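The structure displayed is predicted, hence computed values, not measured ones.
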Amino acid sequence: MSTEELIKNQKALKTVNTIFGVVLLMLFALNIFIIFMKGFSAMNVVPIALLPILFLNLNNLKEIKKELDSRK
């Protein structure tokens with residue numbers, strides 16, 4: 001990819017990661033509330049199952065940053 005494309009992807013990935021992280025944080029908080037009110041259910045696993053996606057995106061963001069630094 002060209003440098004411009006990498007910068008564009010980096011900005012988009014930062015935005016997506018921020019939004020996804022906030023949504024996951026809200027899901028975790030809601031899960032804790034639901035566990036105390038109604039007990040454990042299968043839906044309480046959803047935020048934990050989505051957490052690896054955030055880590056993969058953060059890893060991709062780190063690789064893009066490393067590539068951009070190597071091109072300077």
Side-chain angles (χ1 to χ4, degrees):
M1 278 195 255
S2 69
T3 304
E4 294 83 23
E5 289 175 344
L6 283 175
I7 291 172
K8 188 170 111 176
N9 284 343
Q10 182 184 28
K11 287 180 183 179
L13 201 53
K14 277 184 183 180
T15 304
V16 168
N17 279 346
T18 303
I19 293 170
F20 191 64
V22 169
V23 169
L24 272 180
L25 188 63
M26 289 180 356
L27 274 175
F28 274 117
L30 185 61
N31 258 344
I32 291 170
F33 176 74
I34 289 173
I35 286 172
F36 283 125
M37 298 306 275
K38 296 185 180 182
F40 187 79
S41 71
M43 291 303 291
N44 296 98
V45 181
V46 172
I48 297 168
L50 292 176
L51 198 58
I53 295 172
L54 181 65
F55 291 135
L56 287 173
N57 283 343
L58 289 173
N59 190 27
N60 287 339
L61 190 61
K62 191 183 299 183
E63 288 177 8
I64 289 173
K65 184 178 179 184
K66 191 184 300 183
E67 179 64 27
L68 285 172
D69 288 341
S70 70
R71 291 185 183 192
K72 288 184 181 181

Enquirer: Are there over 12 heavy-atom neighbours, none belonging to Phe55, within less than 6.0 Å of that residue's CZ?
Expert: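 Atom CZ in Phe55 is not packed in, count stays at 12 or less.
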Enquirer: Taking all non-hydrogen atoms of both residues, which atom of Asn31 and which atom of Met43 are closest, and how far apart?
Expert: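 Looks like OD1-O, 4.1 Å.
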Enquirer: What residue pairs, at least two apart or across chains, pass side chain to side chain donor-acceptor pair (under 3.5 Å) with a residue in residues 33-43?
Expert: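 Qualifying pairs, neighbours excluded: Ser41-Asn44.
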Enquirer: Nearest 0.5 Å, please: how far is CD1 in Ile48 from CG in Leu24?
Expert: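 It comes to 10.5 Å.
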Enquirer: Salt bridge or not for Glu4 and Lys8, using N-O below 4.0 Å?
Expert: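 Lys8 and Glu4: not salt-bridged.
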Enquirer: About how many Å separate CD1 of Ile7 and CE of Met1, when rounded to the nearest 0.5 Å?
Expert: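 Here the interatomic distance stands at 12.0 Å.
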Enquirer: If hydrophobic clusters are built from ILVMFWY residues whose side chains come within less than 4.5 Å, do Val46 and Ile32 share one?
Expert: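 Different clusters: Val46 never reaches Ile32 through Ile, Leu, Val, Met, Phe, Trp or Tyr contacts under 4.5 Å.
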Enquirer: Please tabulate, one pair per line, all N/O donor-acceptor pairs under 3.5 Å involving side-chain atoms of residues 13-20, not counting sequence neighbours.
Expert:
residue	atom	partner	partner atom	Å
Thr15	OG1	Lys11	O	3.0
Asn17	OD1	Asn57	ND2	3.4
Thr18	OG1	Lys14	O	2.8

Enquirer: Let me check something: do Leu58 and Leu50 share a hydrophobic cluster, defined by ILVMFWY side-chain heavy atoms less than 4.5 Å apart, either directly or through other members?
Expert: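 Result: yes, single cluster for both.
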Enquirer: Just jot down the side chain to side chain donor-acceptor pair (under 3.5 Å) partners of Gln10, sequence neighbours excluded, or say none.
Expert: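 Gln10 satisfies side chain to side chain donor-acceptor pair (under 3.5 Å) with no residue once adjacent residues are dropped.
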Enquirer: Distance check, rounded to the nearest 0.5 Å: Leu51 atom CG versus Leu27 atom CG?
Expert: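 Going from the CG atom of Leu51 to the CG atom of Leu27 covers 11.0 Å.
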Enquirer: Same cluster or not: Leu25 versus Leu54, using hydrophobic residues (I, L, V, M, F, W, Y) connected whenever any side-chain heavy atoms lie under 4.5 Å apart?
Expert: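 Result: no, two separate clusters.
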